[in-house]
Protein chains: 2
Amino acid sequence: MQKTMRDDATPEHTRRPTIKDVADRAGVTKATVSKYLNRAHGYAMAASTRERIRAAIQELDFQPSPLARGLSRSATSTIGLVVADIRSQFYPDLVASIQTAAEAAGYTLVLGSSGDDPDRELDIIRSMAHRRVDGVVLVAVRSESDHIDYLRRRGIQIVLASRDLPELVADTVVVDSLAGARTAVRHLRSLGHRHIGHVAGELSVKPFADRRRGFELEAGDDAPVATAQSSFEGGRAAARSLLDVAEPPTGIFFASDTMALGGLMACADLGLRVPDDVSIVGFDNVTVGQLPGIALTTIDSDAVRVGEQATELLLKRMLNPADAGADPVLVTRPAELVVRTSAAPPR
Amino acid sequence: MQKTMRDDATPEHTRRPTIKDVADRAGVTKATVSKYLNRAHGYAMAASTRERIRAAIQELDFQPSPLARGLSRSATSTIGLVVADIRSQFYPDLVASIQTAAEAAGYTLVLGSSGDDPDRELDIIRSMAHRRVDGVVLVAVRSESDHIDYLRRRGIQIVLASRDLPELVADTVVVDSLAGARTAVRHLRSLGHRHIGHVAGELSVKPFADRRRGFELEAGDDAPVATAQSSFEGGRAAARSLLDVAEPPTGIFFASDTMALGGLMACADLGLRVPDDVSIVGFDNVTVGQLPGIALTTIDSDAVRVGEQATELLLKRMLNPADAGADPVLVTRPAELVVRTSAAPPR
DNA sequence: CTGTTAGCGCTTTCAA
DNA sequence: TTGAAAGCGCTAACAG
């Protein structure tokens with residue numbers, strides 16, 4: 001580990017080569033190099049010139065500055081990803097698949113987490129717009145339509161993943177919450193349950209409203225429902241309120257796995273055994289659900305595919321000017337039942 | 001919702017106001033506005049001018065373009081975050097705390113996930129350098145020293161979180177793996193276990209090597225050890241190999257909770273009950289460990305504090321030119337035991 | 001096929 | 001205290 005004698009606080013950092021350096025070295029102008037860089041290869045350029053430029057670039061290990069490029073092109077090869085809360089059990093797969101798809105297409109991901117707060121969400125969106133992201137993936141956020149208008153007005157494309165809005169204001173990829181909920185309840189019924197309850201998430205969130213609706217369609221309007229925040233603690237409290245009565249339900253359908261895990265905790269709190277005393281079905285199929293000791297029967301939200309497809313849709317709009325203005329598309333993916341052992345016939 | 005008559009495919013997006021617009025409106029030049037923007041408030045500027053600029057900015061809802069600013073200042077108010085694999089149970093808290101700390105300081109986070117692949121990691125780091133991030137947080141990645149040199153040569157500050165390297169080449173914040181491992185083993189011993197095994201992670205990863213070392217110090221060099229990839233499946237396979245013998249250990253210390261969860265699965269595979277037949281202690285204290293049905297006894301990696309402190313250290317170097325060249329600092333946080341029920345006295 | 005000339009939006013000397 | 005001018009690194013007409 002060598003040290004220079006100079007004792008300066010600001011060491012000389014190796015200056016990055018610029019397009020000008022490449023041009024000089026190749027004996028052409030910046031413009032020509034720029035053409036080489038952009039108008040892809042193979043078009044209207046003397047083979048010898050192209051070769052000299054190629055060589056110069058390689059020798060200098062030159063890479064165009066995304067900043068400068070972004071400034072002059074007003075596009076940054078960047079995609080913004082806004083999630084409600086990175087901490088949630090539910091996102092890892094979704095985020096990972098978006099990240100993978102985006103990078104495969106040559107885009108860099110800029111991450112923002114709103115903490116499920118609509119104001120912070122707008123801040124983040126604003127900041128991304130200023131940074132000139134080319135598109136935004138909104139994952140399970142509370143996006144009011146204004147947020148979306150804000151972006152659209154600036155020509156930034158958007159896609160919603162995993163949470164739809166009451167109106168179809170942008171491309172959206174979700175799982176079929178209504179059908180999934182019905183499947184869940186039917187599963188409980190087929191096991192012999194007749195008294196079934198539901199722990200619902202915030203009804204302002206459309207998928208949660210849909211799940212509740214699906215529940216009611218199958219279990220009837222008078223079946224017991226407790227609504228809470230979609231969190232571990234929310235599910236725990238709601239489940240407790242549902243179970244701590246004279247005639248508790250023998251099976252409960254939770255609007256999310258996160259809440260269902262809270263439900264498991266509530267059962268432990270009350271000394272109830274799952275599935276002996278109460279059967280539980282969740283929604284999402286988070287990874288931890290497959291652990292022995294949890295073995296959560298659930299509805300698969302297919303996060304990986306939702307993320308992939310959302311990214312596809314976004315890229316399509318971004319890349320294809322013709323598609324950019326087209327009407328929003330709604331993709332509803334099937335929600336499949338994953339049977340484990342947290343739901344069984346009532347004793 | 002009004003619609004214009006024009007049916008053009010390229011709708012006119014509202015042009016964002018520039019510093020020039022503000023200048024014109026305030027009756028000054030760009031330079032003056034720029035000064036207002038930078039030399040903070042309260043310095044050498046006619047009160048009336050300042051007020052006019054303030055008003056113009058507000059009326060126009062002007063915000064300086066980060067791109068342009070980045071280009072001329074060579075700094076982007078952006079921090080790069082490189083994680084080994086977002087999918088891991090272990091990161092959410094760490095990432096969230098880094099994200100929070102960075103945003104609180106006015107920085108935007110750019111996310112990269114390397115899939116634990118050193119080559120991809122270098123790619124990501126390169127790309128971040130080109131995008132002129134001001135600093136990089138490397139979370140549990142495989143950073144070879146070259147990666148770090150690459151950044152440093154370009155004047156980009158670095159901090160390592162949760163995984164240290166054999167040499168202290170950059171600021172580093174980790175938990176005390178050696179002591180944590182010893183605590184884990186002592187806990188098993190205090191419960192009465194005499195035959196204790198260890199499932200180790202890749203020994204090229206220093207914290208895993210340290211944990212193994214700590215294990216050996218307490219359990220002796222001849223205690224059974226199985227090494228595997230630090231994943232659910234890795235832990236599962238390693239645990240199985242440890243348990244599927246004539247005289248299996250009654251307690252196992254896992255190098256990570258992720259592996260310990262795999263261990264739980266292995267026990268289920270072999271029809272062993274936890275903690276009746278075998279006691280399990282993990283390392284990290286991931287969220288799911290506290291679920292009933294898991295109740296994993298573990299060592300807390302204190303992800304939140306590690307993330308915060310790493311970000312603090314990074315910001316300090318970035319913001320304070322005097323500190324920028326100072327020698328790397330190593331912060332080792334205490335690793336505390338979290339007692340739950342996956343470890344109990346041997347029957 | 002390649003070069004000239006303007007910008008993109010902001011910062012930063014250097015003058016005035 | 002403010003302005004003029006050059007430049008950050010690249011792209012994009014328009015010529016030639």
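At the phosphate of C:dG7, neither OP1 nor OP2 sits under 4.0 Å from any side-chain N or O atom of A:Ser72. Distances shown here put every side-chain N or O of B:Arg69 at or beyond 4.0 Å from the OP1 or OP2 atom of C:dG9. Here A:Thr29 reaches the OP1 or OP2 of C:dG3: one of its side-chain N or O atoms lies under 4.0 Å away.
Of the candidates C:dT11, D:dC10, C:dT2, the closest approach to any side-chain atom of A:Ile19 belongs to D:dC10. Candidate nucleotides C:dG9, D:dG9, C:dG3 were compared by shortest atom distance to the side chain of B:Thr18, and C:dG9 ranks first.
Going from atom CZ of B:Arg50 over to atom P of D:dT1 covers 9 Å, rounded to whole Å. B:Lys20 has its NZ atom 12 Å from the C1' atom of C:dG9, to the nearest Å. Atom pair B:Leu67:CG and C:dG7:P shows a separation of 19 Å (rounding to whole Å applied). Here the P atom of nucleotide D:dT2 and the CG atom of B:Asp24 are 16 Å apart, to the nearest Å. Rounded to whole Å, the distance from CG on B:Leu71 to C1' on D:dC10 is 8 Å. Separating the CD atom of B:Glu51 from the P atom of D:dT1 is a distance of 17 Å, rounded to the nearest angstrom. Following rounding to the nearest Å, A:Ile53 (CD1) and C:dT2 (C1') show an atom-to-atom distance of 10 Å. Look at CZ on B:Phe62: it is 8 Å from C1' on C:dG9, rounded to the nearest Å.
Nucleic acid contact class of B:Ala31 (heavy atoms, under 4.0 Å, all strands): base. Within 4.0 Å (heavy atoms only), B:Ser34 reaches at least one base atom of the nucleic acid.
Checking A:Lys30 against B:Ala46, the closest nucleotide of DNA chain D that is more toward the 5' end is the one next to B:Ala46.
When the local axes at the two ends of the helix from C:dC1-D:dG16 to C:dA16-D:dT1 are compared, using 5 base pairs at each end, they differ in direction by 40° after rounding to 10°.
No donor-acceptor pair closer than 3.5 Å links the side chain of A:Ser34 to the backbone N or O of A:Lys30. The closest donor-acceptor contact from the side chain of B:Ser97 to the backbone of B:Leu94 lies under 3.5 Å.
When all heavy atoms are compared, the tightest approach of A:Ile53 to A:Met45 is CD1-SD, 4.4 Å.
Side-chain polar atoms of A:Arg142 and A:Ser114 form no donor-acceptor pair below 3.5 angstrom. Donor-acceptor pairing under 3.5 Å is recorded for the side chains of A:Arg16 and B:His130.
At a threshold of 4.0 Å, the pair B:Asp116-B:Arg163 counts as salt-bridged, since one of the basic side-chain nitrogens sits closer than that to a carboxylate oxygen. Contact check on B:Glu103 versus A:Arg120 returns a salt bridge, with a Lys/Arg side-chain nitrogen under 4.0 Å from an Asp/Glu carboxylate oxygen.
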